[in-house]
Amino acid sequence: MLEVQNIKYSYNKDYQALKGVSLKVEKGEMVALLGKNGAGKSTLFLHLNGIYEPDEGQVFIDGEELKYDKKSLLKFRQKVGIVFQNPDDQIFAPTVEEDVAFGPLNLKLPMEEVQKRV
Ligand SMILES: Nc1ncnc2c1ncn2[C@@H]1O[C@H](COP(=O)(O)OP(=O)(O)O)[C@@H](O)[C@H]1O
Ligand SMILES: [Mg+2]
């Protein structure tokens with residue numbers, strides 16, 4: 001379950017990109033979020049695993065409020081993954097194997113487990 005409650009976010013003081021967005025996605029639900037260019041879709045998504053921290057409001061993952069310290073982020077990011085829009089931001093290793101291994105290696109899993117997951 002993924003929930004955001006009244007989140008507000010400004011990139012700078014003159015412009016608020018998110019003006020109080022609330023959303024709830026239940027387990028097993030598939031949701032398409034539609035909106036014109038610049039509506040704030042990417043800004044909202046980047047809040048769903050703590051890449052951005054809202055100025056106001058909360059994000060909940062499986063009912064637990066998202067916290068922004070390093071340890072909490074590591075935990076929540078194993079539940080919520082984000083695939084970036086621009087492939088150059090997403091895929092950077094020379095082979096698929098190395099690219100897929102990047103996440104598990106960063107979790108400091110043993111090599112055997114990394115290979116199993118890849
Ligand atoms: N890094 C940024 N710095 C300043 N403004 C930004 C930045 N990213 C997005 N914006 C602005 O925030 C608004 C929402 O953008 P965005 O979330 O990318 O919209 P969408 O993904 O729906 O096209 C737009 O007005 C955009 O210009
Ligand atoms: Mg976008």
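In each ligand, atom 1 is the first atom listed, and ligand 1 is the first ligand listed.
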Which N, O or S atoms belonging to the protein are less than 2.8 Å from the Mg ion (ligand 2)?
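The answer, once waters are left aside, is Ser42 OG.
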Ion pair Glu64/Lys75, N-O distance below 4.0 Å:
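A salt bridge links Glu64 with Lys75.
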Could you tell me whether Lys116 and Glu112 make a salt bridge, using a distance below 4.0 angstrom between a side-chain N and a carboxylate O?
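No salt bridge links Lys116 with Glu112.
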Considering only N or O atoms, set out every pair between ligand 1 and the protein closer than 3.5 Å, with distances to one decimal place.
| from | atom 1 | to | atom 2 | distance (Å) |
| --- | --- | --- | --- | --- |
| ligand 1 | 8 (N) | Tyr11 | OH | 3.4 |
| ligand 1 | 17 (O) | Thr43 | N | 2.9 |
| ligand 1 | 17 (O) | Thr43 | OG1 | 2.5 |
| ligand 1 | 19 (O) | Gly40 | N | 3.1 |
| ligand 1 | 21 (O) | Ser42 | N | 2.9 |
| ligand 1 | 21 (O) | Ser42 | OG | 2.8 |
| ligand 1 | 22 (O) | Ala39 | N | 3.3 |
| ligand 1 | 22 (O) | Gly40 | N | 2.9 |
| ligand 1 | 22 (O) | Lys41 | N | 2.8 |
| ligand 1 | 22 (O) | Lys41 | NZ | 2.8 |
| ligand 1 | 23 (O) | Gly38 | N | 2.7 |
| ligand 1 | 25 (O) | Tyr15 | OH | 3.0 |

Do you know the tightest heavy-atom contact between [X] and [Y]?
X: Val4; Y: Val59; answer: CG1-CG2, 4.0 Å
X: Leu73; Y: Tyr68; answer: CD1-O, 3.5 Å
X: Ile61; Y: Lys79; answer: CG2-CD, 3.9 Å
X: Leu66; Y: Asn49; answer: CD2-C, 4.1 Å

His47 vs Tyr9 aromatic rings, parallel, tilted or perpendicular, using cut-offs 30° and 60°?
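Perpendicular.
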Full working for ring-ring contact (aromatic ring centres under 6.0 Å, His included) between Phe45 and Tyr52:
CA-CA 9 Å; Phe45 286 134; Tyr52 288 167; over 10 Å; no
With a 3.5 Å cut-off and no angle check, do the side chains of Glu3 and Gln5 form a donor-acceptor pair?
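Glu3 vs Gln5: donor-acceptor pair found between side chains.
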